[in-house]
Protein chains: 2
Amino acid sequence: MRKDAEALFYTTDRRDATLAPPTLTISDDTLTDRQKDVLDAALALLVHGGDGLTMTGVARRASCSKETLYKWFGDRDGLLTATVQWQASKVRMVPVDRESLDGRTLAIALEKFGRDWLSVLTGDISVALNRLAVSHAGQEKRNLGRIVLENGPIGMSKRCKPLLEAAREAGLLRFEDSDQAFRTFFGLVVRDTQIRMLLGEQRRPTEEAIATQARRAREQFFTLYGA
Amino acid sequence: MRKDAEALFYTTDRRDATLAPPTLTISDDTLTDRQKDVLDAALALLVHGGDGLTMTGVARRASCSKETLYKWFGDRDGLLTATVQWQASKVRMVPVDRESLDGRTLAIALEKFGRDWLSVLTGDISVALNRLAVSHAGQEKRNLGRIVLENGPIGMSKRCKPLLEAAREAGLLRFEDSDQAFRTFFGLVVRDTQIRMLLGEQRRPTEEAIATQARRAREQFFTLYGA
DNA sequence: AACGCGGCGTACCGTACGGTACGGTTCGGT
DNA sequence: ACCGAACCGTACCGTACGGTACGCCGCGTT
């Protein structure tokens, strides 16, 4: 099925299963500008309504030929995967520096974390991407779900846990399991917001509502885990 | 497009939009046993993998003719809607009686709430249904998302809030906004469990893990809102 | 100037699936 | 015994879409 040795990503017919896909992220420079344009077109179509993201549609929108799409991305799944990875590569949260950690900086960091997270989660692109990944996960195609997971909860966890642990060592927080602590924080921040957006609830929280919620989550988290 | 006056549910071409669909739930007796069989077949296919849920597939699995499907349910969306409603009508949580409310019974009620909720959420059927609804929500079809929402977070909220308010009146809890309180409880219970399952994470929590989590959520909720 | 390559646009093919039509069968009512 | 309604099974149609093939152009190389 795959024969063109130049295809960027090999997505289909992995018969060894089980193992992680070869690449979870696209380094920003594996893509030419033209390819980025194409992926942005795909993103735009995806956001505009999950359907409509058809090979012909992408080709038309990006003013390129379907043949080029297939040459670059192999097949439809390849294009989708690349699109998700491309978006993921754009959203890089700044890591928090663990130096100069006191109650105040920790609070600020956590609250900012929550705000950023909620902003991303409720954004059109994130909603569209998560919808796509969720759909895909229901069809033995685990790729996209994996990627979104890695750039969603798991990524958030990886960036957050060191901070929590540093805070514990600094005597600011008290918990046994940093994973449990993180997940509690996640719950306090996100609550039912994401699932409601995914299920089509129209109302998107304002920036102010997000800020309020992040602050409340931070307060509650401190109540539960503060030393 | 629709012409058969006998179709159970009118799903398509509602040009008035905005308003809620005529029925959000199927009363258990609007369906004949045969129809229930058909919907169960659809559910089975849906759980087995989001694709495969094709009209021909349902017909074959339920040993009925496609014509009958169309006569009963109008079109594909009608079948899906009916399927989701049918499942929703099966999962009826017992409401908690608000009499004899003290700290202990409240704790037990909340914890059981959390356990039941997590069990449902992580079940195959719930995951499949939520995936379907999420997919649909990405395609201007707001029906399914609406129904799942109503039987998910919103339904949970409707059943939970009276309990919380009763507990507040009994002096057991302290909060301003019962909605905020509920959503916090939701967050403490669900955390990132649901989104991870939806995105295809294989590991499904054991009954024991669920019980542990429900207990922790209850404890944390009391810490935050206990009087 | 000649050539080749990468890419655009379009036409084309195969298939899967939603939806319809129709003949045959069962079954309840009269 | 007869009739009609409901329903099964299957064949059929139209379309949408994934994937392929091909002609053409623009451009860099020699």
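In what follows, every chain begins at residue 1, and chains take the letters A, B, ... in the order their sequences are listed.
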Value rounded to 0.5 Å, distance of CH2 in A:W86 from CD in A:Q35
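Between atom CH2 of A:W86 and atom CD of A:Q35 there are 10.5 Å.
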Out of [options], whichever nucleotide has its closest atom nearest the side chain of [X]:
X: A:D75; options: D:dG19, C:dC8, D:dC8; value: D:dG19
X: A:W72; options: C:dC17, D:dG18, C:dG7; value: C:dG7
X: A:T54; options: C:dC8, D:dC7, D:dG18; value: D:dG18

Rounded to the nearest Å, what distance is computed from the [atom1] atom of residue [X] to the [atom2] atom of nucleotide [N]?
X: A:Q139; N: C:dA16; atom1: CD; atom2: C1'; result: 14 Å
X: A:L79; N: D:dC17; atom1: CG; atom2: P; result: 15 Å
X: B:F73; N: D:dC7; atom1: CZ; atom2: P; result: 11 Å
X: B:K71; N: C:dA21; atom1: NZ; atom2: C1'; result: 13 Å
X: A:R34; N: C:dG7; atom1: CZ; atom2: P; result: 9 Å
X: A:Y70; N: D:dC22; atom1: OH; atom2: C1'; result: 17 Å
X: B:R76; N: C:dA16; atom1: CZ; atom2: P; result: 16 Å
X: A:M55; N: C:dT10; atom1: CE; atom2: C1'; result: 16 Å

Contact residues, residues 60-67 of chain A to DNA chain C [heavy atom, < 4.0 Å]
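Output list: A:S63, A:C64, A:S65, A:E67.
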Verify side-chain hydrogen bond (donor to acceptor under 3.5 Å, both in side chains) between A:S157 and A:R183, making sure each step is shown before the conclusion.
CA-CA 8 Å; A:S157 159; A:R183 297 186 67 195; over 6 Å; no
Taking A:S126 for the side chain and A:T122 for the main chain, is one N or O donor matched with an acceptor at less than 3.5 Å?
no
Please check: side-chain N/O of B:R204 versus main-chain N/O of B:G123, any donor-acceptor pairing under 3.5 Å?
no
Out of the candidates B:V189, B:L118, B:N130, only one should pair with B:Q194 under the side chain to side chain contact (heavy atoms under 4.5 Å, CB included) rule; please name it.
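Per the side chain to side chain contact (heavy atoms under 4.5 Å, CB included) rule, the option paired with B:Q194 is B:N130, out of B:V189, B:L118, B:N130.
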Looking only at heavy atoms, what is the nearest atom pair of A:Q220 and A:L188, with distance?
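Smallest interatomic distance, heavy atoms only, reads OE1-CD2, 3.4 Å.
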Is A:T68 close enough to C:dC8 that one of its side-chain N or O atoms is under 4.0 Å from OP1 or OP2 there?
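Checking C:dC8 against A:T68, a side-chain N or O does come within under 4.0 Å of OP1 or OP2.
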side-chain N/O B:T56 vs C:dG18 OP1/OP2, d < 4.0 Å:
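Negative; the distance criterion is not met.
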Report yes if some heavy atom in the side chain of B:L39 is under 4.5 Å from a heavy atom in the side chain of B:Q85; otherwise report no.
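No, too far: nothing below the 4.5 Å cut-off.
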